[in-house]
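Structure first, commentary second.
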Amino acid sequence: METIAEIQTSDDTVVHEQGWQSWSPSTSYRLGAAPHRPVDEDKRLIAYRHATDPAPGTYCGEGLFAVAEGDSVTLFAAADPTAEVPTILAVRDGDRLVISANGSVEIRQHTGDIPSALTAWADEVCARLAVPPPRPAPTGWCSWYEYFTDVTADDIVDNLEAMEDLELPIDVVQVDDGYQREVGDWLVPSGRFPDVPGLFAHIRDHGRRAGIWTAPFLVSARSELLAEHPDWLVGKENPVLVGHNWGQALYALDTTHPAARDYLRTVFTTFAEWGIDYHKIDFVYAGAVPGRRHADVSGIEAYRDGLELIREVIGPDAYLLGCGAPQLPSIGVVDAMRVSPDIALEYAPDSGDLSQPAQLGAVLNGESRRFQHGRFWVNDPDCIVARPAVEHRTEWAEHISVNGGLRASSDRLRGLDSWGLDTTRRLLSEPIPARFT
Ligand code: 9PG
């Protein structure tokens, strides 16, 4: 860490942190307010940047940090955000704030508020990297927030028929986690999906596009992938642990290993043969963790390589949605990006960790990352859930209406009451600004 600036502060100083990946809390704080941090090691591994563990009282932005004093904003930004994301720390020293970073950072002065400073920076990054304006997103229906991992092929067909009966404007039917037997074994169906290619053909026969969920850079402890190819993991004989979920340990696929790359090619080529042209790639932070790989490259370079490989295989016309994804290193490769933790029935997370599923964290990040929409990609605020069981469902619908680029419903459609159905229809139909200002 090297000191890069010292700023005089006052009672009105506000700081802004950019979190590492989709689920990492990202927001502004009045100086002195405690920043949102992981409540335990498991959550830290799954939702925060591994190499960063800021001391209490330290503010921290991953590749992006701002300090506002009245209408004067000092922005600290990664000089080359798709290649290197310096951790930027801010510590108070009396009435001064000492800023340090572990990589190349640009310091920019801006007159206005923090969102306008972030917007101006994002515009410049897009121009510099020649990022084309994102295509408008298709609308969707996603199985996750109603069925979770218990989803069955019949559930998908039920909803496919319901959206037809209800005449909902849904372009893509996206099957989420649960069709596969294990995380990593993307071509091995779970018992609840007897004919995966047949199901996708059925979706297309009904005039909808077919979408699928994967966590392409994750390898779970119980997977055949791990049993057969332990050498494909980041860390090799000492595989790097990237979290626990689905009741098991999770490791990272080495996206620089030639045979692992061939496996990814096979998976996504097979999906294309099944007629799938919409991909939600999840937990992709795993591809960027530091650790030993086949090629001697940084985690971020390996991640970019992995993303670009997927993009190459699915082709330019397929739609690619990142989730659990490092934000800045994904610029220019994904069409849409989850900018927040998951929505849930609960307004606030039980654990108190704002990276965890609940409306509070989803809204916090969705608002903070508005500036990314229409610049780096289309912002995905997470799914429309409008059934009565959703706490504060009117607020969630309003959040999507104001901050949402991608629109996808995730209720059992026949279970919606009239408010839920009307709201779902409205959110799927309303015009979406090409970019937010
Ligand atoms: C499928 C889900 C859905 C969802 C994704 C992602 O911190 N966590 O343990 C954690 C678990 C799951 C999760 C997010 C965080 O959800 O965002 O839309 O696809 O995976 O398993």
Side-chain angles (χ1 to χ4, degrees), residues 19-25 36-50 140-151 155-156 172-186 190 192 211-220 222-223 241-250 278-286 320-327 330 334 336-346 349-362 364-366 369 379-385 390 396 400 404 406-411:
W20 171 235
Q21 51 117 315
S22 307
W23 309 323
S24 322
H36 305 302
R37 294 291 180 257
V39 301
D40 62 39
E41 181 61 8
D42 265 357
K43 293 177 187 63
R44 194 181 82 81
L45 285 180
I46 229 160
Y48 297 77
R49 193 177 192 175
H50 291 189
W141 180 84
C142 160
S143 58
W144 182 250
Y145 297 89
E146 177 82 46
Y147 301 100
F148 300 97
T149 49
D150 293 334
V151 64
D155 296 330
I156 307 291
V172 179
V173 173
Q174 184 246 306
V175 179
D176 214 278
D177 186 6
Y179 68 89
Q180 81 292 351
R181 194 156 70 198
E182 277 302 345
V183 165
D185 300 335
W186 306 113
S190 69
R192 298 174 308 278
I212 200 164
W213 172 93
T214 51
F217 305 151
L218 271 191
V219 182
S220 68
R222 288 194 299 263
S223 64
L241 183 71
V242 299
H244 287 96
N245 196 16
W246 304 278
Q248 54 185 325
L250 305 172
Y278 179 104
H279 298 271
K280 174 178 174 183
I281 54 168
D282 202 356
F283 291 84
V284 287
Y285 71 85
L320 187 60
L321 163 63
C323 188
Q327 301 285 286
S330 305
V334 297
M337 172 63 84
R338 254 293 277 294
V339 294
S340 62
D342 293 13
I343 182 61
L345 300 181
E346 293 76 28
D350 286 344
S351 61
D353 192 312
L354 283 186
S355 72
Q356 295 301 295
Q359 194 179 132
L360 206 54
L364 194 79
N365 277 27
R369 288 172 166 165
N379 273 12
D380 172 12
D382 207 5
C383 288
I384 302 164
V385 284
V390 177
W396 180 241
I400 291 179
L406 188 80
R407 304 288 171 96
S409 156
S410 192
D411 287 302

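Counting starts at 1 for both ligands and their atoms, following the listed order.
- Between F283 and W246, the two ring planes are tilted [angle within 30° to 60°].
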Show, in sequence, the C-alpha distance, side-chain angles and deciding distance for W144 and D382, and conclude whether the side-chain contact (heavy atoms from CB on, under 4.5 Å) test is met. CA-CA 11 Å; W144 182 250; D382 207 5; over 6 Å; no

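- For a heavy-atom separation below 4.0 Å, the residues in contact with ligand 1 are W23, I46, W144, Y145, D176, D177, W213, N245, W246, K280, D282, F283, C323, R338, D342, Q356.
- The aromatic rings of W186 and W213 stand perpendicular to each other, their planes meeting at an angle above 60°, with 30° marking the opposite boundary.
- Environment of CZ in R192: crowded, with over 12 heavy atoms of neighbouring residues, nucleotides or ligands closer than 6.0 Å.
- Residues that satisfy the salt bridge (Lys or Arg N to Asp or Glu O under 4.0 Å) test with D380, not counting sequence neighbours, are absent from this structure.
- Side chain to side chain, D353 and S355 meet the donor-acceptor criterion of an N or O pair below 3.5 Å.
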